[in-house]
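Structure, as structure tokens:
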Amino acid sequence: MLKLNVNTNFVNQEITLSDKSTGQLSGVRIPSTMGQQDVQWTFISTGRKHEGFVFTGQLSDGQVINSFNNEDQYKIHLMNK
């Protein structure tokens, strides 16, 4: 399982994973059914070292997200820099 260190001050950011590889995390606000907005998160590994993911909703500390084909698992670690 890879730890994904997410800076809560940014929606789009370069991420350093626990194995020292990097990737790009991007968030896009999308309308939801009740007039509110959700965030769709997309993670792409730099150099294609790891499989990416797409997740819709709020990220929480300790949350585990599986990659597209379950090849990788990411554990979210929220931090403020």
Consider only side-chain heavy atoms of I, L, V, M, F, W and Y, link residues closer than 4.5 Å, and tell whether F10 and F55 are in one cluster.
no
Can you establish whether the number of heavy atoms outside Q58 located under 6.0 Å from its atom CD is more than 12?
no
Could you state the interatomic distance from CZ (R29) to CG (D38), rounded to the nearest 0.5 Å?
10.0 Å
Between S67 and Y74, the two heavy atoms sitting closest are CB-CE1, 4.1 Å
Which atom pair, heavy atoms only, marks the closest approach of N70 to E51?
N-OE1, 3.7 Å
Membership question, hydrophobic clusters at under 4.5 Å side-chain separation (ILVMFWY): are V11 and V54 in the same one?
no
Less than 4.5 Å apart, side chain to side chain, heavy atoms only: is that true for E14 and T16?
no
How long is the span from the CG atom in N66 to the CG atom in D72, to the nearest 0.5 Å?
9.5 Å
How are the rings of F43 and F53 set to each other: parallel, tilted or perpendicular (split at 30° and 60°)?
parallel
All heavy atoms of S21 vs all of K49, minimum pair found to be CB-CD, 3.8 Å
Just so I know, are the side chains of D61 and H77 near enough to count as touching, which here means a heavy-atom distance under 4.5 Å?
yes
Joint cluster assignment, L2 & I44, ILVMFWY side-chain distance < 4.5 Å:
no
Q13 side, atom CD; S26 side, atom OG - distance, nearest 0.5 Å:
9.0 Å
Less than 4.5 Å apart, side chain to side chain, heavy atoms only: is that true for V6 and W41?
no
Rounded to the nearest 0.5 Å, what's the gap from CG on L4 to CD1 on I76? Could you check?
4.5 Å
Would a distance-only check, ignoring hydrogens and angles, find a side-chain to backbone donor-acceptor pair under 3.5 Å from T8 to L78?
no
Can you find a pair of side-chain heavy atoms, one from H50 and one from D19, that are under 4.5 Å apart?
yes
Interatomic distance, OG1@T42 vs CG@N12, rounded to 0.5 Å, equals 9.5 Å
I15-V39 co-clustered via ILVMFWY side chain contacts under 4.5 Å:
yes
Side-chain donor/acceptor of N69 to backbone N/O of E71, under 3.5 Å:
no
Any side-chain to backbone donor/acceptor pair from Q40 onto I30? Under 3.5 Å, distance only.
no
